[in-house]
Amino acid sequence: MVHAPPRPPAGAPPVRINLYSDTQTRPTPAMREAMLRAEVGDEQHGDDPTVHALCDRMAALMGKEAAMFLPSGTMCNVVAILTHCRSGDEVVAHETSHILHSEGGAHAAFAGVQIMPLKGPRGMFTAGDVRAAIRPRTRYAPPQRLLEVEQTANIGGGAVWPLRQLEEVAAVAREQGWATHMDGARLMNACVASGVPPAEMVASFDSVWLDFTKGLGAPLGAVLCGSAEFIGQAWRWKQRLGGSMRQAGICAAACLHALDHHVDRLAEDHANAKALARGLRQIPGVVVEEPDTNLVFFDIRGAGMEVARLQRELLLRGVAVSGLGGRVRACTHLDVTAPMIEEAVAIIRETLAAA
Ligand SMILES: *Cc1c(COP(=O)(O)O)cnc(C)c1O
């Protein structure tokens, strides 16, 4: 049984072009400088001024009453689902959702909920799909309690939910008396790509969180937002899960720095992703999904190479990509430049040509 992350293959050079994930960004010198200067206190005790500044700013940005700093996005989902649901409840979410596939079964293990997987192109579903998922309120059916969406939809190709569609699915949930939760791991990518301000994007959702460790480039941290009542309840779960922190202002300072300096630049990541998609599309046998944001998914079955082999061969040439659901995923972020994109396309072309 191997549960620890794999180490890089022996003999592989350091990764020069890291398209593996936007989680792999390194804090910039300016961000480290901001961390160094952070005023801190005891977060668990309510005394860390920098954590308060971050939470106040996030609550205002999202148009919610309150916010809570947590170590990770996964913990935001775990705390939010524990807060919204009781054991035996059902959560309605897309079949490709992160809560279903990538959180170690946390929601079954801790909240005791089951997740009803909805189908739909690019990680999204419609109000009609939600309506079709409504169960009769009998003692036989699990009580449905929460609707969950991802903005952007990760496995959906970094797709941006149109605002109208978010409002429509949330309206069906509200009509049923369900709560609504948005996994906003890459919410700012969606806002920058669509031009919709965050508060408007999340207005029809009861709770939402933003990850600071994706394209925003902080070393750790995510902020969960909602009503004062919701965040008050969520604090109990944060404490129970051991996610309450001490001088967390060091990390909150990095997040504040990211809000000041790393949001507008996400547009560059989106332009780089489009350039990457254009370049990859020129390679024979490669089928590329047009990116909305910073995630580029492509299919190399037509090029005659397995995803795992391409990943290995690219690593030997200093390029990292990930494999997700039989496809290759390349992700742009603040440590990836336009010249790196050109070089990556050339290396991928040469590697696939050798197959
Ligand atoms: C990365 C991610 C998460 C988890 O965030 P972590 O900060 O890595 O725990 C949750 N949902 C989506 C859609 C993600 O991409």
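Only heavy atoms go into these numbers, but all of them, side chains included; no hydrogens, no water, no symmetry mates. Counting starts at 1 for both ligands and their atoms, following the listed order.
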Can you run down the side chain to side chain donor-acceptor pair (under 3.5 Å) pairs that involve residues 99-111, sequence neighbours left out, and say none if there aren't any?
Asn77-Glu103, His98-Glu103, Glu103-His107
Begin with the C-alpha distance, continue with both residues' side-chain angles, and end with the deciding distance and a verdict on side-chain contact (heavy atoms from CB on, under 4.5 Å) for Asp292 and Arg122.
CA-CA 11 Å; Asp292 277 358; Arg122 309 188 71 217; 3.5 Å; yes
Polar contact flag, side-chain donor to acceptor under 3.5 angstrom, Asp335-Thr25:
no
Decide whether Glu306 and Gln311 meet the rule of one side-chain donor and one side-chain acceptor closer than 3.5 Å.
no
Tabulate distances under 3.5 Å between N/O atoms of ligand 1 and N/O atoms of the protein, writing both atom names on each line.
unit_1   : atom_1 : unit_2 : atom_2 : d
ligand 1 : 5 (O)  : Asp211 : OD2    : 3.0
ligand 1 : 7 (O)  : Gly73  : N      : 2.8
ligand 1 : 7 (O)  : Asp211 : OD1    : 3.3
ligand 1 : 7 (O)  : Asp211 : OD2    : 2.6
ligand 1 : 9 (O)  : Gly73  : N      : 3.3
ligand 1 : 9 (O)  : Thr74  : N      : 2.8
ligand 1 : 9 (O)  : Thr74  : OG1    : 2.7
ligand 1 : 11 (N) : Asp183 : OD1    : 3.3
ligand 1 : 11 (N) : Asp183 : OD2    : 2.5
ligand 1 : 15 (O) : Asn154 : ND2    : 3.2
ligand 1 : 15 (O) : Arg186 : NH1    : 2.9
ligand 1 : 15 (O) : Lys214 : NZ     : 2.9

Any side-chain donor-acceptor pair under 3.5 Å between Asn189 and His270?
yes
Under 4.0 Å between a side-chain nitrogen and a carboxylate oxygen: does that hold for Arg186 and Asp22?
yes
